[in-house]
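Each residue takes its place number in the sequence, starting with 1. Note that these values count all heavy atoms, side chains included, but never hydrogens, waters or copies made by symmetry. Values in this document were obtained by computation on a predicted structure and should not be read as measured data.
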Amino acid sequence: MSLREFVADALAERALQVVGVVFGIASVAHFALWADSPAREFDPAGGTGTLATAAPEMLGYAQSHPAYVLAFLAGAVLLVRRP
């Protein structure tokens with residue numbers, strides 16, 4: 001069995017877990033880019049540990065980008081679900 005066949009078989013058996021990882025990575029990457037935006041106060045607030053400033057920013061993210069929040073949750077469910 002070649003390496004290519006081995007990887008293809010492993011991915012075929014765990015297709016839902018792969019989709020979960022992709023969802024998780026995409027949503028975390030989007031949040032990281034959003035948080036690093038100069039217009040946001042989340043990055044400085046998170047760096048200093050000021051929860052009072054970071055919490056409204058997190059709520060604003062969840063309200064303006066619900067699809068990414070749901071993608072993260074769906075990815076987590078796909079990773080931990082039992083077959």
Side-chain angles (χ1 to χ4, degrees):
M1 178 182 283
S2 71
L3 179 63
R4 178 188 240 177
E5 291 172 346
F6 176 76
V7 171
D9 288 345
L11 290 178
E13 292 175 5
R14 302 185 188 281
L16 290 178
Q17 284 85 5
V18 172
V19 171
V21 168
V22 170
F23 278 9
I25 289 172
S27 59
V28 168
H30 181 267
F31 178 76
L33 290 172
W34 174 86
D36 198 33
S37 170
R40 303 284 170 229
E41 295 180 22
F42 179 76
D43 197 28
T48 60
T50 310
L51 185 60
T53 306
E57 290 283 325
M58 289 286 291
L59 183 59
Y61 176 81
Q63 289 176 342
S64 60
H65 303 282
Y68 288 101
V69 175
L70 291 175
F72 179 79
L73 293 175
V77 167
L78 289 173
L79 282 175
V80 300
R81 76 173 192 83
R82 303 256 177 185

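Rounding to the nearest 0.5 angstrom, the gap separating the CG atom in Leu73 from the OH atom in Tyr68 is 15.0 Å.
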Enumerate donor-acceptor pairs with a distance under 3.5 Å from any side-chain N or O in residues 19-30 to protein atoms, sequence neighbours excluded.
unit_1	atom_1	unit_2	atom_2	d
Ser27	OG	Phe23	O	3.0
Ser27	OG	Gly24	O	3.1
His30	ND1	Tyr61	OH	2.9

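The two residues Leu79 and Gln17 have their closest heavy-atom pair at CD2-O, 3.5 Å. Closest non-hydrogen pair, His65 versus Trp34, comes out as NE2-CD1, 3.9 Å.
One hydrophobic cluster holds both Val18 and Leu3 under the rule that ILVMFWY side chains link at heavy-atom gaps under 4.5 Å. Phe72 and Leu78 are not part of a single hydrophobic cluster, where members link through side-chain heavy atoms under 4.5 Å apart.
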